[in-house]
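A quick write-up on the structure given underneath.
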2 protein chains.
Amino acid sequence: MTQRAIPLHRRIRAAIEAKILSGEWPPGTRIPTEAELAATYDCARMTVNKALTDLAADGLIERRRKSGSVVKRPVLQSAVLDIHDLKAEVEAAGFTYRYTIATRKIRQATRADCERLQLAKPVPVLALSCLHLADDRPFCWEDRLISLAAVPQAQDATFIHQSPGAWLIGEVPWSAAEHRISAVSADASLAALELAPGTPCLAIERRTWDAEQPVTHVRLIYPGDAHALVARFAPSKAG
Amino acid sequence: MTQRAIPLHRRIRAAIEAKILSGEWPPGTRIPTEAELAATYDCARMTVNKALTDLAADGLIERRRKSGSVVKRPVLQSAVLDIHDLKAEVEAAGFTYRYTIATRKIRQATRADCERLQLAKPVPVLALSCLHLADDRPFCWEDRLISLAAVPQAQDATFIHQSPGAWLIGEVPWSAAEHRISAVSADASLAALELAPGTPCLAIERRTWDAEQPVTHVRLIYPGDAHALVARFAPSKAG
DNA sequence: CTGTTCATTATGTCTATACATAACAACAAG
DNA sequence: CTTGTTGTTATGTATAGACATAATGAACAG
């Protein structure tokens with residue numbers, strides 16, 4: 001008859017996580033000290049310490065002595081799939097990064113849009129397509145759909161200084177994501193990439209949610225021979 | 001002048017991890033109880049508990065009350081890149097899984113083999129190519145190189161009951177891995193997949209080490225339209 | 001004004017203790 | 001032989017207290 005027993009330190013962890021995920025404590029916020037949290041939840045500091053250590057291990061907060069713990073900026077991609085920060089990727093490789101917006105349309109979600117965003121009902125959406133260039137050579141085509149129901153402020157965003165992906169990371173506090181990687185053949189819709197028809201390309205689709213609400217769906221196309229997704233890891237995090 | 005201070009619980013964690021990674025405690029081993037370890041390292045049980053909790057969080061061990069903690073079977077692939085357990089994948093989808101070995105050769109590593117395995121010096125290698133089938137329809141071509149210097153017992157393995165990938169997981173205690181995903185075009189070497197030339201394919205390369213020693217390099221080719229790599233995750237592990 | 005020292009503060013680590021809980025085993029009752 | 005009870009064991013959770021350590025800033029000496 002008793003409710004399922006959830007350990008205190010997990011409940012505290014969940015409570016803090018909720019404040020971060022909801023945006024109540026945006027990135028950069030200094031969260032209360034261990035002693036304060038211990039008083040809030042009426043428990044020992046060690047218990048709070050466990051909760052915070054846990055959150056730090058999962059990368060939601062960063063801990064520093066004396067200055068306290070702060071909410072970390074979300075790293076939307078896992079380390080394994082982090083080629084999506086195109087600007088950083090390109091600049092790390094020593095090229096200059098540039099991108100252009102090819103199309104930008106606001107419309108009521110079509111049947112296909114609902115499918116892409118996994119929307120139950122049609123809502124207004126912003127449809128974008130962009131071309132990413134490294135040293136002025138096209139290397140990635142982006143096809144994006146943003147739900148204006150979830151991110152109404154996208155309607156007025158110009159995306160001049162920031163690509164839609166980077167902008168969204170700053171606007172939507174945190175999210176879950178689903179990736180899909182496949183291989184496709186270059187066709188006329190990818191003319192901007194200046195590829196011979198039939199060139200194999202890597203297609204990466206990502207669907208993002210914030211609190212169960214669809215936020216965005218993006219499809220990135222790379223020429224398969226020029227770029228590759230590299231992931232390196234060990235089973236343990238190393239001591 | 002004092003040596004850099006490494007916390008006790010980390011040192012204990014590292015010591016246990018070393019026994020697991022070295023193969024001294026192979027998967028399935030029941031590791032000593034917290035009380036025993038506390039005696040061994042002359043510290044409190046809570047300190048050992050922290051080390052073990054840490055190892056469990058990283059998936060190296062599994063903890064069960066009463067029966068104690070056991071070394072887990074390594075999950076060579078991260079959750080994000082786990083389509084490599086082809087048999088499980090296929091059977092989960094409701095198909096029957098089968099695979100055939102197309103070629104099997106033992107040779108001194110060629111220049112290209114050294115490149116693939118990142119070998120400093122040529123060593124004897126086992127080169128395999130296999131075809132994986134779902135419901136008797138080919139769906140993945142595997143091209144594998146195994147270093148016989150690292151895994152001499154591969155020389156006598158028949159790979160009749162187990163595919164080379166599954167066999168290796170059981171033989172090599174634990175490892176680091178590097179993945180590379182790209183898109184390629186089907187050509188004559190993939191005739192076994194029965195694809196039209198030029199069909200875009202997903203190529204997944206994986207290179208595996210055990211204790212700095214190259215173990216295996218594998219190249220998996222999937223038809224890009226038929227299969228896709230799906231990864232789903234949230235930034236936090238959920239409470 | 002500059003650099004050093006030192007106290008303060010918040011987190012990091014560790015201990016000893018206590019009780020809760022899950023799993024297993026052994027034994028008793030049906 | 002099956003079922004239920006009970007005890008043992010190992011882990012799980014939580015606490016209070018102690019000391020270590022890093023970062024910060026303020027007081028202070030040059």
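In what follows, chains carry the letters A, B, and so on, assigned in the order in which the sequence lines appear, proteins first and then strands, with residues in each chain numbered from 1.
- With rounding to whole Å, B:R64 atom CZ is found 15 Å from D:dT9 atom C1'.
- For A:R63, a side-chain nitrogen or oxygen approaches OP1 or OP2 of C:dG12 to under 4.0 Å.
- OP1 or OP2 of C:dT15 sits under 4.0 Å from a side-chain N or O of B:T47.
- The distance between atom CG of B:N49 and atom C1' of C:dA20, rounded to the nearest whole Å, is 14 Å.
- One can place CZ of B:R11 at 18 Å from P of C:dG12, the figure rounded to the nearest angstrom.
- Residue A:K66 contributes atom NZ, which lies 8 Å from atom P of D:dT24 at whole-angstrom precision.
- With distances taken from any side-chain atom of A:H9 to the nucleotides C:dG12, C:dT13, D:dA14, the minimum falls on D:dA14.
- A side chain to side chain contact (heavy atoms under 4.5 Å, CB included) with A:T216 is found for one member of A:R207, A:R144, A:R206 and no other, namely A:R144.
- Taking atom CD of B:E62 as the reference point, atom P of C:dA22 lies 17 Å away to the nearest angstrom.
- Base contact: B:R45 has a heavy atom under 4.0 Å from a base atom.
- The phosphate of D:dT9 has neither OP1 nor OP2 within less than 4.0 Å of any side-chain N or O from B:S67.
- A:R10 places its CZ atom 14 Å from the C1' atom of D:dA14, with the value rounded to the nearest Å.
- Of the possible polar contacts, none joining the B:T47 side chain to the B:C43 backbone as a donor-acceptor pair under 3.5 Å is found.
- Whole-Å rounding puts the B:E36 CD to D:dT11 C1' distance at 13 Å.
- Sequence order on DNA chain D of the closest nucleotides to A:M46 and A:R65 puts A:M46 first from the 5' end.
- For the pair A:R63 and A:E34, the salt-bridge criterion is met [side-chain N within less than 4.0 Å of a carboxylate O].
- Applying the side chain to side chain donor-acceptor pair (under 3.5 Å) test to pairs two or more places apart or on separate chains, none has a residue in residues 155-169 of chain B.
- With rounding to whole Å, B:L8 atom CG is found 15 Å from C:dA16 atom C1'.
- Ion pairing between B:R64 and B:E62 holds under the 4.0 Å rule for side-chain N and carboxylate O.
- Distance from the side chain of B:T33 is smallest for D:dT11 among the nucleotides D:dT11, D:dT13, D:dA16.
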